[in-house]
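Throughout, a chain's letter reflects where its sequence line sits, starting with A, and its residues are numbered from 1. What you see is a predicted model, and the numbers here were worked out from it, not measured in a lab.
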Amino acid sequence: MTTPTTPTKPRSLSFRTVAQLVALAIADAAISVWVGRQAYLWMPPQASAEALLVDDLFGFLTTIGSFIFLGVTAALLYSVLFQRADKYDISDGPPVEGNLLVEILWTTIPLGLVIWIATYSYQIYDQMAILGPMEHMNHVPSLSLMPSAEAATLPAVPEQTPIEVHVRQWAWEFHYPDQNIISTELHLPVNERARLKLISEDVLHGFYVPAFRVKQDVIPGSTIDFGFMPIREGRYRLRDSDYSGTYFAANQSTVVVESAEAYQQWLATAAQQPLTEADNRAFREFTKLGDRPISAGWKTVEPAPPPRVNFASSEEDSYE
Amino acid sequence: MSTANLDPTLNTHSAHAAEHEEEDHRMFGFIIFLLSESVIFLSFFVGYTVYKTNLTDWLPAGVEGLEVREPLINTIVLVSSSFVIYFAERFLRKDNLWGFRAFWLLTMAMGSFFLYGQAVEWMGLPFGFTDGVFGGTFYLLTGFHGLHVMTGVLLQGIMLGRSFLPNNYAGGEFGVAATSLFWHFVDVIWIILFILIYVWQ
Amino acid sequence: MSNASLDAIAAKSDQPFPGAPNNWRRFFSFSTDHKVIGIQYMVTAFVFFLIGGLLAMVMRGELITPEADLVDRTVYNALFTMHGTIMLFMWTFPMLNGLSNYLVPLMIGARDMAFPRLNAAAFWLVPVFGTLLMVSFFIPGGPSQSGWWAYPPVSLQNPTGNLINGQVLWLLAVALSGVSSIMGAVNFVTTIFRMRAPGMGWFRMPAFCWTVLSAQMIQLFGLPSLTAGAVMLLLDLTAGTSFFDPAKGGDPVLYQHFFWFYSHPAVYVIILPIFGTFSEVFPVYARKPLFGYRFVVVSSLIITVLSAMVWVHHMFASGTPSWMRMLFMFSTMLISVPTGVKVFAWVATVWGGKLRLDTPMLFALGGLVCFLFAGITGVMLGAVPFDIHVNNTYFVVGHFHYVIYGATVMGIYAAIYHWFPKMTGHMYYEGLGKLHFVLTFIGVNLNFFPMHPLGLMGMPRRVASYDPEFAYWNVIASLGGFLLGVSTLPFILNIVSSWVLGKRAPANPWNAIGLEWLIPSPPPVENFEEIPIVVSGPYGYGSDESLVANNPAGELISEHS
């Protein structure tokens, strides 16, 4: 028995539906905020000022992303579980072809969201003041359309001779011009903005220290100024991030961030040491051809001989 | 409804219509193809501009610049051939086959003159294909364009030959229209190229 | 006089349908029937999918331990280069071209494509350049080892010194693939613009055709840029020019611009027809009209336009000034708006429907969830500061595999199952289909989810060996990779056995709306006995409106059967 006076599906949203929707949205938001907090744990140690900024941005993106992902999948899951047709029901669903208001809403809200995310990312980028290949040391990128961001900008680059980062197939070499030191390990003083000149001697490479969250392709034929701010003492992995040929994966090194005193002491010690041949994994593997399970015998670009340096470290050394 | 199919006159009629439509499709498709083709040139032009504005030692050692006089004559010949081919097409539309052939042949001659002039210029240049980015881009741009001119002349030759088939061009000819369009396209590309390479030094 | 035409009709209906057992040879001929060509494309592409998948499984075998101990490093580099190349140029593009080839003329009510011979020629280039790529495994020095981007200077190094080397063959194959794609694109755009049945206005056209149109327009403006870059790279490699060689004054970053100006939009060439598939599949199995049809189809065109303005986001860590990074960050994020419109519309289509969870619906739902996840990580990648950390790491690899396997391959499976009865005239086995879905969905997430934490931890992509802290997630990913390999087995079994033995399919097994469902399965050679006259929109579920004013199948199916 149906009573024709009570419509089974009211056109306007009832109070009950609105309350349910709000409750669901709050639950979704709560879970998303929690997931966004977890995001910090998925990252390497925060060893630079840039890392703090990037992780904040990632946490924010994760929160928003989780909110959308959970919301949409929950709706789909509900449909799949509770809105299935009965086995012999061949009738159609309601012929709803659209709803202009809803469609305009889900165009404009994401648009607003995108503008928000882009603006926030822009501010973070501005604060990081990363020097790209087109910028030069003496003027910090003058992106700042927003004066508010200016206040938070990290300390400007101090005048000092930049450390030269030489990369080739397949070795990293760090030149300290003032002390005339060559090293296969990059030593940096903590809490002082690092200044680097990135130089590739053959192909594209990438300077990448995950713990610093900074990365820059090293482009042959141009010298790239690069800077960041280490804030935590420790040993970190430096990786080649742009595919550079056969031994690309073996092209790794270590960055050591230490106190100003320890740094000065390292410089003094290293300057005393004579040039010796460093260990180089690519070269070692290339010369020791025996133990390869499946080799097609394809010819490769030969690795450069191991660098001769004042201070050598091995790839096997520990790091965080 | 299905009885309509049994009417033979209707069938032949729609067959005719279909043939005409196919012709239309071909022109439509050809224009799309040309639009796409123009992006290759656009890419080369952008590349040329980027190199020219960014490189400090742009010209190879010992090269002062490019001679403009002969290429300018070449340009005038190629650009005016676009008008000649237009008249050829008009003759065809008026069913004046000999007028069409005469002007069409003149276009071919002008295109061949352009190619000849280009070859003479290439012979006399003090730099080669591998002489830096300047040499590379110069020969790439002029060569790739020259390839198009050559294709245009070849197509024109085919269309000219086909005009001798009896009644071949009675109902208008897609090939002629397309070749002519292609020729205008090659011309416009050359004008841009001339400005980029010769005028902007 | 009427005898002649009666005979003609008799002759016509005598012609065997494609897929008829006595007629398999036509699939090996230079046929100009768009349906035969479509199946040729799809089967060829699937063979290459298996090859590319095997390469990937060897890679996952290498990556199951941190050391480079399974294959030589040169072999590993060749593997990922060829895996990427094959999966893009020999699997996804031909597969989607095949699907579009089969479906577009049927959906718009045409008897064939606009240029049938061009169509066949475009297809036959696929085995040609496929062979070229495969041959490169057997020449001295092996295939290209510079990654599927072929960035110079690595791609110019040519350690063998031979003129015929892996990189040259790679460039020739990519160039031929470009020629084939342009031929296809000209054909599709012309067909969709000019051959729609009477009454099929733009806003009565199925969403799938809209997405094919949008995708093929991208091919037209994008591919020439790749061609230009490839020609210059080839000249550098063989003729001694110095366009991209920094040692001789060239600019390697310019190549990156040429490459990504096409290769980013290429992602939309791939995903747009999948969007189209979702838009076709959801209404059928939810029994509801596509929600907000106009917004959905117009957003495809907006994606086409925006796709031309986002390529630099692949180069945020490369030689790009800050203003460029910021500009392209914004345009990249903007593309999530029209994409979001589609996702929300699909959810609204499914919501409140009467769902039937047949295999195509399962794959479409699974694909949608994967796409949603990939879209979210995509916006994250658009944010420059975060991208600088994860650029060129496994985070990116995870992201695009969710797009390309999670959304695209699952979407392709959805399309294959959905239209399989139409294409072959046989029903597939539902149980095997569901098993295939479960294996694929688990495999995708097992294989590609772990790549995200790996990337966040800083594992670069394309490495043959890695530091031990990455081992845990890599083992899981490898297991997922092998599971994905296994997941193709029930699919192959299903397709082969049901094509031969499966139950006969009726004209419209899903009770779906669309011109292709009004004619027999498989469709006769020229598709429509009578060109349909379209009188209503494409998704009239739940209403009694008729789609056409006549019976396009003529006598082959009487009106009331």
Side-chain angles (χ1 to χ4, degrees), chain A residues 42-44 54 57-58 61 65 69 72-73 75-76 79 83-85 92-95 97-98 103 106-107 110-111 114 117-118 121-122 124-125 128 132-134 141 143 203-204 206 210 213 215-217 219-221 239 241-247 249 292-296 298-301, chain C residues 70-75 77 141-142 147 151 153-154 157 159-160 246 286-289 291-292 295 317-319 321-322 326 329-330 333-334 336-337 340-341 344 347 350-351 353-356 369 372 376 380 383-386 388-389 391-392 453 456-458 460 462-465 541-543:
Chain A
W42 309 333
M43 289 284 207
V54 169
L57 176 63
F58 180 58
L61 291 170
F69 186 78
V72 173
T73 41
L76 278 178
S79 270
Q83 299 179 336
R84 269 183 282 182
D92 286 348
E97 294 198 339
E103 286 162 54
W106 73 37
T107 314
L111 188 66
V114 156
I117 294 174
S121 305
Y122 171 85
I124 296 271
Y125 186 75
M128 285 168 72
M134 310 297 181
L143 268 171
V203 297
L204 291 167
R213 316 282 190 277
K215 180 183 288 137
Q216 173 60 50
D217 288 5
I219 298 159
R239 297 198 173 89
S241 63
D242 205 352
Y243 176 68
S244 60
T246 310
Y247 294 94
R292 291 184 191 170
I294 301 176
S295 167
W298 291 332
K299 216 167 169 182
T300 167
V301 172
Chain C
L70 178 65
V71 295
D72 188 66
R73 286 183 192 271
T74 52
V75 175
N77 296 341
Y151 272 9
V154 166
Q157 283 191 314
T160 60
R287 312 307 305 164
K288 275 180 65 196
F291 194 94
F295 267 60
S318 177
S322 290
M326 293 299 110
M329 168 170 82
F330 191 70
M333 288 186 176
L334 212 53
S336 65
V337 175
V341 166
F344 296 135
V347 175
V350 172
W351 185 260
K354 297 201 164 182
L355 271 62
R356 299 189 202 152
V369 171
L372 181 64
I376 287 164
M380 289 179 174
V384 175
F386 175 67
I388 286 175
H389 173 48
N391 183 295
N392 272 344
L456 292 174
M457 288 157 73
R462 300 179 163 175
V463 290
S465 59
Y541 296 96
S543 61

- [ ] Go through the atoms of C:Met329 and report whether side chain, backbone, both or neither lie under 4.5 Å from a heavy atom of chain A.
- [x] side chain
Task: Euclidean distance, C:Leu355 CG relative to A:Arg84 CZ, rounded to 0.5 Å - done: 8.5 Å
Open item on the list: What part of C:Phe386 gets within 4.5 angstrom of chain A, counting heavy atoms only: side chain, backbone, both, or neither?
Closed with: both
Open item on the list: Does any backbone or side-chain atom of A:Arg239 lie under 4.5 Å from a heavy atom of chain C? Answer side chain, backbone, both or neither.
Closed with: side chain
Open item on the list: So which residue, A:Gly65, A:Gly245, A:Pro95, ends up with the most heavy-atom pairs under 4.5 Å with chain C?
Closed with: A:Pro95
Task: Distance-minimising heavy-atom pair for A:Ile117 and C:Met333 - done: CG2-CE, 3.5 Å
- [ ] Over all heavy atoms of both residues, which pair between A:Ala249 and C:Arg73 is shortest? Give the atoms and the distance, please.
- [x] CB-NH1, 3.6 Å
Open item on the list: Please classify the contact of A:Val54 with chain C as side chain, backbone, both or neither, using a heavy-atom distance under 4.5 Å.
Closed with: side chain
Open item on the list: Please give me the minimum heavy-atom distance between C:Pro159 and A:Val301, naming the atom from each residue.
Closed with: CB-N, 3.7 Å
Task: Interchain contact, A:Leu57 with chain C, by part (heavy-atom threshold 4.5 Å) - done: side chain
Open item on the list: For a quick test of reading the model, state the closest non-hydrogen atom pair linking C:Val154 to A:Tyr243 and the distance between them.
Closed with: CG2-O, 4.0 Å
Task: Contacting moiety of C:Ser336, where chain A heavy atoms sit under 4.5 Å - done: side chain
Open item on the list: Ignoring hydrogens, what is the shortest heavy-atom contact between A:Val114 and C:Leu334? Give both atom names and the distance.
Closed with: CG1-N, 4.0 Å
Open item on the list: Between C:Lys288, C:Lys354, C:Met457, who has the most heavy-atom pairs with chain A when the cutoff is under 4.5 Å?
Closed with: C:Lys354
Task: Where C:Ile388 and A:Arg213 come nearest, the two heavy atoms and their spacing - done: CG2-O, 3.9 Å
Open item on the list: So for C:Ile376, is it side chain, backbone, both, or neither that comes closer than 4.5 Å to the heavy atoms of chain A?
Closed with: side chain
- [ ] Specify which of C:Ala286, C:Ala383, C:Ser465, C:Gly147 makes the most heavy-atom pairs with chain A at under 4.5 Å.
- [x] C:Ser465
Task: CD (A:Glu103) with more than 12 external heavy atoms under 6.0 Å - done: yes
TODO: State the CG-CH2 distance between C:Asp72 and A:Trp298, to the nearest 0.5 angstrom.
DONE: 8.5 Å
Task: Options C:Pro246, C:Gly340, C:Gly542, C:Ala317, ranked by heavy-atom pairs under 4.5 Å with chain A, top entry - done: C:Ala317
Task: Winner by heavy-atom pair count (cut-off under 4.5 Å) against chain C, out of A:Pro44, A:Gly221, A:Pro110 - done: A:Pro44
TODO: Find the one option among A:Ile124, A:Leu111, A:Leu76 whose heavy-atom pairs under 4.5 Å with chain C are most numerous.
DONE: A:Leu76
